[in-house]
Amino acid sequence: MATIRDIAEMAQVSTATVSRILNNDETLITSPETKKNVLAAAKKLNYVKKRKAAAGSAYKICILQWFSASKEAEDNYYYLIRNGIEDYCEKKGINVLRAYKSDMGYTEVLKDADGIICIGKFSKKEIKNLKEINSEWRGWRGKNGSVIRKKNYLIKDWK
């Protein structure tokens with residue numbers, strides 16, 4: 001498993017800089033190129049941010065991305081959306097699973113989730129297919145993505 005130190009070595013920056021970039025520290029002043037290099041190194045090393053265990057969490061959601069992990073590394077927009085959702089879930093004690101549509105067998109990850117947050121360009125047919133994985137899921141499409149939630153459980157009021 002990759003560490004912040006590994007990313008720092010690859011991107012040729014300090015571990016503090018890596019940590020602040022990965023945690024979206026708004027007070028950090030650094031060049032866009034440095035941020036891009038750090039995020040690219042994190043993706044190349046398959047870095048997974050350590051999350052505090054959500055002991056007794058009532059929910060387990062999966063963030064399903066239309067982009068592949070490598071494409072996400074090239075497009076900071078989708079990375080920031082996913083990271084913002086993960087940060088929110090961590091604060092609320094919600095367990096998060098992550099899957100990319102391009103991954104082989106990604107639907108197996110979805111089977112254990114109470115709900116899915118889809119980021120990217122999913123068609124109505126794809127959303128229908130996702131809902132068939134678990135008959136308790138209910139879904140709707142938003143302007144910037146789709147949310148599928150388990151019947152009778154509200155994971156987040158997105159308004």
Undergrad: How many angstroms lie between atom CD1 of Ile85 and atom CD1 of Ile94, to the nearest 0.5 angstrom?
TA: 11.0 Å
Undergrad: Measuring from atom CG of Leu28 to atom OG1 of Thr17, what distance do you get when rounded to the nearest 0.5 angstrom?
TA: 6.0 Å
Undergrad: Cut-off 3.5 Å, no hydrogens considered: what does the side-chain donor-acceptor table look like for residues 33-42, sequence neighbours left out?
TA:
{"from": "Thr34", "atom 1": "OG1", "to": "Ser31", "atom 2": "OG", "distance (Å)": "2.9"}
{"from": "Asn37", "atom 1": "ND2", "to": "Glu33", "atom 2": "O", "distance (Å)": "3.4"}

Undergrad: Give, for atom CG of Asn76 and atom CD1 of Ile81, the distance between the pair rounded to the nearest 0.5 Å.
TA: 10.0 Å
Undergrad: With a 4.5 Å limit on heavy-atom distance, are the side chains of Cys62 and Ile117 in contact?
TA: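 Not touching, per the 4.5 Å side-chain cut-off.
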Undergrad: Do Leu22 and Tyr79 come close enough that some side-chain heavy atom pair is under 4.5 Å?
TA: yes
Undergrad: Tell me, do Leu97 and Ile63 make a side-chain contact under 4.5 Å, heavy atoms counted?
TA: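 No, too far: nothing below the 4.5 Å cut-off.
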Undergrad: Just by distance, with hydrogens left out, do Thr30 and Arg20 show a side-chain donor and acceptor under 3.5 Å apart?
TA: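 Side-chain D/A pair, Thr30 to Arg20: absent.
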Undergrad: Under the rule for side chain to side chain contact (heavy atoms under 4.5 Å, CB included), what residues qualify as partners of Glu9, not counting sequence neighbours?
TA: Arg5
Undergrad: Can you confirm whether Arg82 sits close enough to Gln65 that some side-chain heavy atom of one is under 4.5 Å from a side-chain heavy atom of the other?
TA: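 Yes. Closest side-chain heavy atoms under 4.5 Å.
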Undergrad: Can you tell if the side chain of Tyr47 reaches within under 4.5 Å of the side chain of Ile4, non-hydrogen atoms only?
TA: yes
Undergrad: Please check: side-chain N/O of Trp66 versus main-chain N/O of Ile119, any donor-acceptor pairing under 3.5 Å?
TA: no
Undergrad: Does the side chain of Val18 come within less than 4.5 Å of Ile21's, by heavy atoms?
TA: no
Undergrad: Report yes or no: do Leu45 and Tyr100 belong to one cluster of Ile/Leu/Val/Met/Phe/Trp/Tyr joined by side chain heavy-atom distances under 4.5 Å?
TA: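 Hydrophobic grouping puts Leu45 apart from Tyr100.
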Undergrad: List the atom of Glu126, the atom of Lys121, and the distance in Å for their closest heavy-atom pair.
TA: OE1-O, 3.8 Å
Undergrad: If Ile, Leu, Val, Met, Phe, Trp and Tyr residues are connected whenever their side-chain heavy atoms lie under 4.5 Å apart, and connections chain through other members, are Tyr77 and Leu64 in the same group?
TA: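 Shared cluster, yes.
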Undergrad: Just to verify, what does Lys125 make a side chain to side chain contact (heavy atoms under 4.5 Å, CB included) with, not counting sequence neighbours?
TA: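 Lys125: side chain to side chain contact (heavy atoms under 4.5 Å, CB included) contacts with Ser123, Asn129.
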